[in-house]
Amino acid sequence: QRLAAGAASDAMSTTKQINLNVGVLGHVDSGKTSLVRQLSTVLSTAALDKHPQSQERGITLDLGFSALTVDVPPARRDSGFEKFQITLVDCPGHASLIRTIIGGAQILDSAILVVDATKGVQPQTAECLVIAEITVKSIIVVLNKIDLIAEAKREAHLAKLRVGMERVVGKTSLQLLGVASTSCAEAAGLRELVDLMALHIAIPTRDTVSPFLFLSDHCFSVKGRGTVFTGTVLRGSASVGDGVFVPVLGEERKIKSMQVFHAPATSVSHGDRAGICLPNVQAEKIERAMLCAPDSVESGRILVVTARPVRYFKRDTKSGTSLQITIGHETAIAKVDFVRVSQDGNRSEEEVWEAADALGDAEHAILVLDRDILLPSRALYIATRSDIDAHECRIPFHGNVEGVRSVRPRTYRWKERSGKVDRVAAPNALIVRDLFSRDADVSKFERLRVTVRGQGGIIEGRFGKTGKVRVVLDRDAEDPASLEGAEVVLRFRKFTGEKGVPEQ
């Protein structure tokens, strides 16, 4: 078993340690960054609002990363690990930065939801809960700033708020690991929070055998050494000297060196937070990037995806809607068409889907993006509506990319026409009216099947000049006279954007 962050150092420490990535989510000004500052013992190059605009505005504008290391509790010693390194991912709380939050949430193993104890659930508290439900399986709720509540009322207020938060989380699929009460000003409740994380965050299964994939959130140059990409390993492993592909450059580079929170490392694997140094890269041209094993990640703009509705989104989302799609740190504009698996299956190797009117009518969708983006296998995506006010949920659906297509798959809708038997021409032949108008091109419908009182037949062709057609039944009718005036039903597939022959 490969050891995760910190254990893969040049000193080759014998301490078995695993890295756990824990998101710190919450409404703006709930005290997330102050909490991270109190908990962290090691800071990365992107921690505690180091971004100049963050310092100027006093709010978190980008993802921040820091860590603490704790002994594995006696109750979890059978895990095989001696220490947990907990990497805290400080996510922005401002509504306008939802795509940054989503980018950070996709690397998480668990999450902390920070709630201002004086205000309770706020708009972005709820939105962060939605993002957590999509990306992780468990959460810890932190009631922060408890020092701002009068001491005489504090216990009763927190008890009521705790019950309310348990009820809110209980309506989601998330496992609530616990509720902690903290004050950064008084350094209260921090030990209890650390104990909650160490005792209850599930130890994830790591994929160290798939092709290497690394999601970088920051990039900077080190004079005389190269360009450092800081980020998280999403799958696989890599070592110093390995070749990695840099898709943003379209070129391959060899890994020159690695660090894990300032400690030199010789290798990293799935789940690790690391810095990877590459030679001959101009950092000023790169903000966020992906590093991967050569030939392991494709790009495209036509995607077939699963589509899972978010129940808190209250508006209709119809086929043809344009919205934003975020995969990793990339966001593109997409037109969505919801589709169902063809009920009668595909009769050839050609891919065909039945069109659906709206989200909820189908479990899949076709996304056509405004540009090519990088698409790891089974990549998670999240759809957002930036045109909606931040006081309501802006995430209509999410899912996984099932495949990339070079051309848009064909989609169809079932159409139905009905007519009447005008007269019986023979025991197995009918003259049918009202299926088509006088000027219709009936030739497109020749050889298509119809039904009349449970019996099948085919359209042989036009009869006369009034729009009537001749239908030949599969077998002689038992009582031909009884078919006069009977309804004849034609059901066929009309393909989107096509003017060709209808199909059945």
Side-chain angles (χ1 to χ4, degrees), residues 22-36 59-61 63 89-106 108 110-146 148 157-182 307-317 323-326 331 359-360 380-399:
V22 179
V24 183
L25 309 170
H27 191 90
V28 64
D29 288 335
S30 58
K32 299 185 301 298
T33 302
S34 296
L35 184 65
V36 167
I59 61 173
T60 301
L61 296 177
L63 301 171
V89 184
D90 185 9
C91 297
H94 197 277
S96 63
L97 300 170
I98 182 172
R99 291 194 291 275
T100 303
I101 303 169
I102 291 171
Q106 296 185 61
L108 303 180
S110 187
I112 293 170
L113 181 66
V114 182
V115 178
D116 185 333
T118 67
K119 298 177 180 178
V121 174
Q122 296 173 271
Q124 264 48 67
T125 312
E127 194 160 66
C128 287
L129 197 59
V130 171
I131 295 171
E133 188 174 11
I134 293 170
T135 55
V136 298
K137 295 181 179 179
S138 64
I139 198 167
I140 293 171
V141 172
V142 174
L143 308 178
N144 198 26
K145 299 185 178 183
I146 61 173
L148 299 182
H157 179 88
L158 292 177
K160 183 178 180 180
L161 185 55
R162 184 176 290 106
V163 170
M165 291 309 304
E166 289 173 349
R167 186 182 301 116
V168 168
V169 177
K171 294 178 181 178
T172 73
S173 61
L174 291 164
Q175 178 188 7
L176 179 61
L177 301 180
V179 180
S181 302
T182 61
R308 293 186 281 275
V310 172
R311 61 182 175 274
Y312 306 104
F313 188 82
K314 301 303 182 184
R315 304 192 185 198
D316 292 333
T317 305
L323 33 67
Q324 293 78 42
I325 296 294
T326 299
T331 297
L359 176 65
L380 170 71
Y381 77 89
I382 298 177
T384 54
R385 289 275 303 274
S386 60
D387 58 319
I388 293 177
D389 186 87
H391 286 81
E392 61 178 290
C393 180
R394 296 174 290 173
I395 303 174
F397 62 95
H398 64 97

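Atom set for the values below is all heavy atoms of this structure, side chains included, hydrogens, waters and symmetry mates excluded.
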Quick one: do V24 and V142 satisfy side chain to side chain contact (heavy atoms under 4.5 Å, CB included)? Show the steps, please. CA-CA 10 Å; V24 183; V142 174; over 6 Å; no
[X] side, atom [atom1]; [Y] side, atom [atom2] - distance, nearest 0.5 Å:
| X | Y | atom1 | atom2 | result |
| --- | --- | --- | --- | --- |
| T331 | I382 | OG1 | CD1 | 10.0 Å |
| H27 | T125 | NE2 | OG1 | 6.5 Å |
| K32 | N144 | NZ | CG | 10.0 Å |
| I139 | C128 | CD1 | SG | 8.5 Å |
| I395 | I134 | CD1 | CD1 | 5.0 Å |
| T135 | L108 | OG1 | CG | 5.5 Å |

Closest approach of [X] to [Y] (non-hydrogen atoms, all atoms of both residues):
| X | Y | result |
| --- | --- | --- |
| V115 | G120 | CG1-O, 3.4 Å |
| L380 | G399 | CD1-O, 3.4 Å |
| C393 | Y312 | CB-O, 3.5 Å |
| H391 | P123 | CD2-CG, 3.7 Å |
| R394 | E127 | NH2-OE1, 2.5 Å |
| V121 | A126 | CG1-N, 4.4 Å |

So among R315, R385, K314, which one has a side-chain hydrogen bond (donor to acceptor under 3.5 Å, both in side chains) with E392?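 Exactly one candidate clears the test, R315.
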Flag, side chain of S138 to backbone of S110, donor-acceptor distance under 3.5 Å: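 Answer holds: no.
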Residues 159-174 side chain polar contacts: donor-acceptor under 3.5 Å, at least two apart:
residue: R162; atom: NH2; partner: S181; partner atom: OG; Å: 3.0
residue: T172; atom: OG1; partner: V169; partner atom: O; Å: 2.7
residue: T172; atom: OG1; partner: L174; partner atom: N; Å: 3.1
residue: S173; atom: OG; partner: E133; partner atom: OE2; Å: 3.1

If the threshold is 4.0 Å, N to carboxylate O, is there a salt bridge linking D116 and K145?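 Counted as a salt bridge, because a side-chain N and a carboxylate O are separated by less than 4.0 Å.
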Would I388 and F313 count as a side chain to side chain contact (heavy atoms under 4.5 Å, CB included) here? Give the steps. CA-CA 11 Å; I388 293 177; F313 188 82; 3.5 Å; yes
